[in-house]
Amino acid sequence: METAYLLVHSPLLGPRSWAPVAARLRDAGAAVAVPPLVHIADDGPPFAPRVAAAVAAAGLPPGGPVAVVAHSSAGLFVPAVAAALGGAAAACVFVEAALPARSGPSRAATPERVEVLRGLARDGRLPRWTDWWEDVTPLFPDAETQREVSQEQPRLPLSYYTEPIANPPGWAALPCGYILFSPAYEPVAADARERGWPVVELPGRHFHQLVDPDAVTAAVVALAA
């Protein structure tokens, strides 16, 4: 059976962040799902069960195998996603992504980072992620893509960064790999290497899957295999 691909976007973004890679996988004949996660934090924590529910409703062919492909902070939800897929999960590919804790629950931010974010929050919610920074234009291939991705972003509650994220056991036994884009994630890629995972380096910025989707798609397929 051919591998299907579950592309998991960061809860700070939306499905548009995976659209070019999804299109290329579909053009190659693969089954692909990009479940929308923009509303997982609307009712507060816990968040992992809502991610799992979105995965269960994603509409992939039953029975697997499924490659779980996560970008950015979606990496923290890979254990919950793999658990939701059950025996269908066949591989996990982390694309410039945070890694789940090796044991115990994961957290989306350090206590120090939470304090910085607390200063950005208004009425318990944070600005859209692209509004945290002075200029995010260099992350995008063009102005239209930047506009489309930015429009999808939710305003997450601060609790997204303070609530522990459930880390169901068993996912780490799956074949895993890491794709590194930018220097900011080099320490995370080093952690992946320490876990014995293959690491593919595609020099770029955090949204390189939008800038060079051909190269990113090829790397995803290679690691999933």
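Model, not experiment: these values are computed from the prediction.
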Indicate if L7 and L60 have the same hydrophobic cluster label, given that clusters are the connected sets of ILVMFWY residues with side-chain heavy-atom separations under 4.5 angstrom.
no
Between the side chain of R155 and the main-chain N/O of L126, is any donor-acceptor distance below 3.5 Å?
yes
Flag side-chain contact, heavy atom, 4.5 Å: R16 against T145:
yes
Test side-chain contact (heavy atoms from CB on, under 4.5 Å) applied to E96 and L180, step by step
CA-CA 5 Å; E96 185 95 334; L180 171 66; 3.8 Å; yes
Would you find more than 12 non-hydrogen atoms of other residues, nucleotides or ligands less than 6.0 Å from R24 atom CZ?
yes
Backbone of G14 reached by a side-chain donor or acceptor of S17 within 3.5 Å
yes
Decide yes or no on side-chain contact (heavy atoms from CB on, under 4.5 Å) for V55 and F77, but give the supporting numbers first.
CA-CA 11 Å; V55 168; F77 293 95; over 6 Å; no
Consider only side-chain heavy atoms of I, L, V, M, F, W and Y, link residues closer than 4.5 Å, and tell whether L37 and F207 are in one cluster.
yes
Mutual orientation of the aromatic rings belonging to W18 and H71 [parallel < 30°, tilted 30-60°, perpendicular > 60°]
perpendicular
Report yes if some heavy atom in the side chain of P127 is under 4.5 Å from a heavy atom in the side chain of W132; otherwise report no.
yes
Walk me through it: do V78 and V8 pass the test side-chain contact (heavy atoms from CB on, under 4.5 Å)?
CA-CA 9 Å; V78 165; V8 189; over 6 Å; no
Membership question, hydrophobic clusters at under 4.5 Å side-chain separation (ILVMFWY): are V221 and V34 in the same one?
yes
Closest non-hydrogen atoms of E201 and R193, given as atom of the first, atom of the second and distance, are OE2-NH2, 2.8 Å
Once the angle between the rings of Y178 and F94 is folded into 0 to 90°, is it parallel (under 30°), tilted (30 to 60°) or perpendicular (over 60°)?
parallel
Any chance you could measure R128, atom CZ, to L156, atom CG, to the nearest 0.5 Å?
12.5 Å
In short, V32 meets A22 closest at the heavy-atom pair CG1-CB, 3.9 Å
R125 side-chain N/O to L158 backbone N/O, donor-acceptor pair under 3.5 Å
no
For A52 versus A80, what's the shortest heavy-atom pair and its separation?
CB-O, 4.2 Å
Please work out which of the three classes, parallel, tilted or perpendicular, describes the rings of W133 and W129, given edges at 30° and 60°.
perpendicular
Hphob cluster co-occupancy, L13 + L120, side-chain heavy atoms under 4.5 angstrom:
yes
Does any N or O in the side chain of E2 come within less than 3.5 Å of the main-chain N or O of A30, such that one atom is a donor and the other an acceptor?
no
Do the ring planes of Y185 and H206 sit parallel (below 30°), tilted (30 to 60°) or perpendicular (above 60°)?
parallel
Which heavy atom of P79 sits nearest a heavy atom of N167, and at what distance?
CG-OD1, 2.9 Å
Any non-hydrogen side-chain atom of S73 less than 4.5 Å from a side-chain atom of P11?
yes
Test W197 against L99 for side-chain contact (heavy atoms from CB on, under 4.5 Å), laying out the working first.
CA-CA 12 Å; W197 302 352; L99 298 186; 3.7 Å; yes
So, do Q153 and D131 sit near enough that their side-chain heavy atoms are less than 4.5 Å apart?
no
Taking all non-hydrogen atoms of both residues, which atom of G177 and which atom of L223 are closest, and how far apart?
C-CD1, 4.1 Å
With a 4.5 Å limit on heavy-atom distance, are the side chains of L202 and D212 in contact?
no
Pairwise distance CG(D42) to CZ(F47) - rounded to 0.5 angstrom:
10.0 Å
Side chain proximity check, E115 to R118, heavy atoms < 4.5 angstrom
yes
Establish whether L210 and V38 are linked, either directly or via other cluster members, by ILVMFWY side-chain heavy-atom contacts under 4.5 Å.
no
F181 to Q209 - nearest heavy-atom pair and separation:
CE1-OE1, 3.6 Å
Distance check, rounded to the nearest 0.5 Å: E152 atom CD versus T130 atom OG1?
11.5 Å
Within-4.5 Å side-chain heavy-atom neighbours: R195 and R102:
yes
Within the supplied structure, the quantity of interest is the number of heavy atoms (other residues, nucleotides, ligands) at a distance under 6.0 Å from D135 CG; does it exceed 12?
yes
Report yes if the side chains of Q146 and L139 come closer than 4.5 Å at any heavy-atom pair, otherwise no.
no
